[in-house]
Amino acid sequence: HDERMEWWRDAKFGMFIHWGAYSIIGGERGTKIAGGGAEWAMDKLDYTIEDYEKYPEMFNPQLFDADAWVTMAKNAGMKYIVLTSKHHEGFALWDSKVSDYDVMDTSPFKRDIIKELSEACKKQGIIFCFYYSIVDWHHPQAQGNLYPNYNISQHDDPSVVNPEFPEYYEKYMKPQVGELLKNYGDIGVVWFDGDWISDYTTEMGKDLYKFIREIQPNTIVNNRVDKGRMGMEGMDAEGEFAGDFGTPEQEIPDTGIDSDWEACMTMNGSWGYKPSDHKWKSSEDLIQKLVDIVSKGGNFLLNIGPDGFGRFPSESIRRLNAMGEWTKKNGEA
Ligand code: JFZ
């Protein structure tokens, strides 16, 4: 356990990247603007599955430059990158053989984003990691019983059970995670999310954890591989299954936590690209947060939401540059 965690503990600072078909939408639909995270556009802006499919079908981020992204992370002082391989919308950013709902088969882009980014990371000495959502708003067997009309409220209700979810788990989710672990070199972290979905079980989480470790013994897995692990929940409970590190979100826990943790945060109020959100944290505030987190023994995973063309927002670039100047001056804290 300890040797496996070493690079990650030393790393301190990483880049989260939320990117998908929602990055085209930017949280806006006609007169409506989604509240909160724009990566939830499908849910918050009331798309049906069919309506939403047009976004993956137009996903064509011609300005995507994996090397430039990695350079920006590296210059900021970050040591690893966690990219959303598939967010709740279900659209896969790699060449998945399990599904056509991916960047190769559904989109005109036809470039394997996971391949390009993982190779750019390797070249520049940054550890490549991926996020994978257990929740899948597109897959029929991961839906509630209102399918084909997607309706998440069912999944906030633990009494709504989808008997087909285990099949989605075995035949879709697990094979997709397997592809990502087998075809793209060393994976630093698998960062799960969407563990709250009522049909997901601790048994599946344990199976998944074992499956990952069998393919890549050194890969680190976050606590959301287990069911219902919001933030730090369960991390202090000795012997309880909860992955390798806790994931407090948009908050910095107090000192005195024995287990490993990583605080993830956005620069404004959204994970996915959202041009209407102007509530940017200042560079000073972000540097302060980095110092606070690192001094308390945690890691800082700071998010970027690139737009539908593949560009980082200019506000984010400015903040990354400022953090880079600071980390260069103050050394590897
Ligand atoms: C999830 C996602 O729904 C969201 O879009 C984003 O990807 C974020 C990183 O993760 O949202 C969560 C997950 C966990 C908590 C809150 C929001 N939590 O632990 O409080």
Side-chain angles (χ1 to χ4, degrees), residues 14-27 33-45 47 52 55 80-93 129-139 142 150-156 173 177 189-200 205 221-237 240 242-254 257 259-274 277 281 289 293 298-306 316:
M15 178 183 280
F16 215 172
I17 301 178
H18 275 71
W19 203 37
Y22 49 81
S23 311
I24 301 170
I25 301 169
I33 296 179
E39 73 284 359
W40 276 64
M42 184 171 170
D43 178 68
K44 289 184 177 161
L45 298 174
Y47 283 98
Y52 194 83
Y55 294 105
Y80 59 108
I81 292 179
V82 183
L83 172 68
T84 51
S85 65
K86 183 200 86 170
H87 203 267
H88 308 335
E89 64 176 1
F91 174 57
L93 297 187
C129 313
F130 68 84
Y131 162 113
Y132 185 93
S133 171
I134 296 163
V135 165
D136 193 313
W137 295 332
H138 183 261
H139 196 287
Y150 163 72
N151 186 336
I152 197 174
S153 58
Q154 295 179 96
H155 278 303
D156 293 335
M173 194 184 137
V177 172
V189 174
V190 180
W191 212 105
F192 285 107
D193 186 30
D195 53 299
W196 62 78
I197 191 167
S198 54
D199 312 286
Y200 189 64
V221 185
N222 73 333
N223 64 332
R224 296 183 198 185
V225 67
D226 192 9
K227 187 177 174 70
R229 297 294 181 185
M230 305 296 259
M232 285 300 289
E233 220 168 294
M235 290 310 292
D236 284 332
E240 237 187 293
D244 296 316
F245 67 90
T247 51
E249 186 164 310
Q250 311 278 30
E251 58 157 348
I252 302 175
D254 292 329
I257 296 170
S259 47
D260 290 298
W261 58 275
E262 172 190 73
C264 56
M265 286 189 202
T266 52
M267 288 188 178
N268 58 3
S270 178
W271 300 93
Y273 176 65
K274 192 179 187 189
D277 184 338
K281 298 172 183 79
K289 284 180 161 64
I293 290 164
N299 278 11
F300 190 18
L301 188 64
L302 182 58
N303 183 72
I304 305 290
S316 301

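For ligands, and for the atoms within them, numbers begin at 1 and follow the listed sequence.
Remark: Tyr200 pairs with no residue by the ring-ring contact (aromatic ring centres under 6.0 Å, His included) rule, at least two apart or across chains. In this view, Tyr55 and Tyr47 satisfy the side-chain hydrogen bond (donor to acceptor under 3.5 Å, both in side chains) rule, not counting sequence neighbours.
Atoms of ligand 1 found under 4.0 Å from any heavy atom of His87, numbered from 1 in the order shown, are 4 (C), 5 (O), 6 (C), 7 (O).
Taking 4.0 Å as the cut-off between side-chain N and carboxylate O, Arg224 and Asp193 count as a salt-bridged pair.
Backbone and side-chain nitrogen or oxygen atoms of His88 are examined, and one is located within less than 3.5 angstrom of a nitrogen or oxygen of ligand 1. Taking any N or O of Trp196, backbone or side chain, none lies under 3.5 Å from an N or O belonging to ligand 1. For ligand 1, one of its N or O atoms has an N or O atom of Glu39 under 3.5 Å away. Any N or O atom pair closer than 3.5 Å counts here, and Trp40 shares at least one such pair with ligand 1.
You'll find the side chain of Lys289 reaches within 4.5 Å of the side chain of Ile252, heavy atoms only.
In this structure, Tyr131 has its ring center under 6.0 Å from that of His18.
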